[in-house]
Engineer: 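Please read through the structure below; I'll follow up with questions.
Everything numeric here is computed off the predicted structure, so don't read it as measured data. Basis for what follows: all heavy atoms, side chains included, without hydrogens, waters or symmetry-related copies.
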Amino acid sequence: MFGFSKKIDTSAISHEVGEGRAYLVDVRSDDEWGAAHAKGALHLTVDRIMNGEVPTQDTSKKLYLYCRSGGRASMAAVTLRAKGYTIENLGGLSSWQGAGGATEAGM
């Protein structure tokens, strides 16, 4: 829908997240999160971001955002960039999965 076709290096992103240099953020609804999400992701819905919540106060941490198709992640990216964060919109969870990224359910 939003034309996300860039190659996602899930291994590199997971490494950055594991080292504490970045956050992988799922901006989808609670139900979507509960069904499946990227392993190691934080859950912060786009609505909460639009209302001022942030995944970290440290703007030096890169934020990798995803949703279902990239639209909500784009909206969240605008808000977070305005607060000084470096953002990469990964598109949808299916892009993460298609690139070999691990997922888990629940939580």
Engineer: Name all residues meeting the side chain to side chain contact (heavy atoms under 4.5 Å, CB included) criterion together with T56; count only those two or more places apart in sequence or in a different chain, and write none if there are none.
Structural biologist: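 So T56 forms a side chain to side chain contact (heavy atoms under 4.5 Å, CB included) with Y23, D58, K61, L63, Y85.
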Engineer: Can you tell me how far apart NZ (K62) and OG1 (T86) are? Round to the nearest 0.5 Å.
Structural biologist: 7.5 Å
Engineer: Hey, does L80 have a side-chain heavy atom less than 4.5 Å from the side chain of V25?
Structural biologist: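 Contact flag for V25/L80 side chains = no.
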Engineer: Atom CH2 of W96 and atom OG of S14: how far apart are they, to the nearest 0.5 Å?
Structural biologist: 4.0 Å
Engineer: Does any pair with a residue in residues 8-20 pass salt bridge (Lys or Arg N to Asp or Glu O under 4.0 Å), and if so which ones, sequence neighbours excluded?
Structural biologist: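 Qualifying pairs: E19-R21.
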Engineer: Please identify each residue that fulfils side chain to side chain contact (heavy atoms under 4.5 Å, CB included) with A99, with sequence neighbours left out.
Structural biologist: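 I8, T10.
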Engineer: Would you check if Y66 and D26 make a side-chain contact, meaning some heavy-atom pair closer than 4.5 Å?
Structural biologist: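 A side-chain contact exists here, since the closest heavy-atom pair is under 4.5 Å.
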Engineer: Cluster question for you: counting only ILVMFWY and a side-chain heavy-atom cut-off of under 4.5 Å, with indirect links fine, are L42 and W33 together?
Structural biologist: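 As far as the 4.5 Å side-chain criterion goes, W33 and L42 are not connected within one cluster.
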Engineer: CZ of R68 to CG of L93: how many Å apart, nearest 0.5 Å?
Structural biologist: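 It is 11.5 Å, given to the nearest 0.5 Å.
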Engineer: Could you walk me through whether L24 and L90 pass side chain to side chain contact (heavy atoms under 4.5 Å, CB included), step by step?
Structural biologist: CA-CA 10 Å; L24 179 59; L90 302 178; 3.7 Å; yes
Engineer: Please enumerate all residues that pass side chain to side chain contact (heavy atoms under 4.5 Å, CB included) together with N51, with sequence neighbours excluded.
Structural biologist: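 For N51 there are no side chain to side chain contact (heavy atoms under 4.5 Å, CB included) partners, ignoring immediate neighbours.
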Engineer: Measure across A73 and C67 and return the closest heavy-atom pair with its distance rounded to 0.1 Å.
Structural biologist: N-SG, 3.4 Å
Engineer: Taking N89 for the side chain and G70 for the main chain, is one N or O donor matched with an acceptor at less than 3.5 Å?
Structural biologist: yes
Engineer: Can you name the nearest heavy-atom pair linking I87 to A77, along with the distance?
Structural biologist: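 Looking at all heavy atoms of both residues, the closest pair is CG2-CB, 3.6 Å.
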Engineer: Short question: side chain of H43, backbone of R28 - any donor-acceptor pair under 3.5 Å?
Structural biologist: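 Between the backbone of R28 and the side chain of H43 there is a qualifying donor-acceptor contact (under 3.5 Å).
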Engineer: With salt bridge (Lys or Arg N to Asp or Glu O under 4.0 Å) as the rule and sequence neighbours excluded, what pairs involving residues 38-56 come up?
Structural biologist: R48-E53
Engineer: Under 4.5 Å between side-chain heavy atoms, counting indirect links through other Ile/Leu/Val/Met/Phe/Trp/Tyr residues: same cluster for I49 and V54 or not?
Structural biologist: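 Per the 4.5 Å side-chain linkage, I49 and V54 are co-clustered.
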Engineer: In the hydrophobic clustering (ILVMFWY, side-chain contacts below 4.5 Å, transitive), which residues join V78, or is it alone?
Structural biologist: none
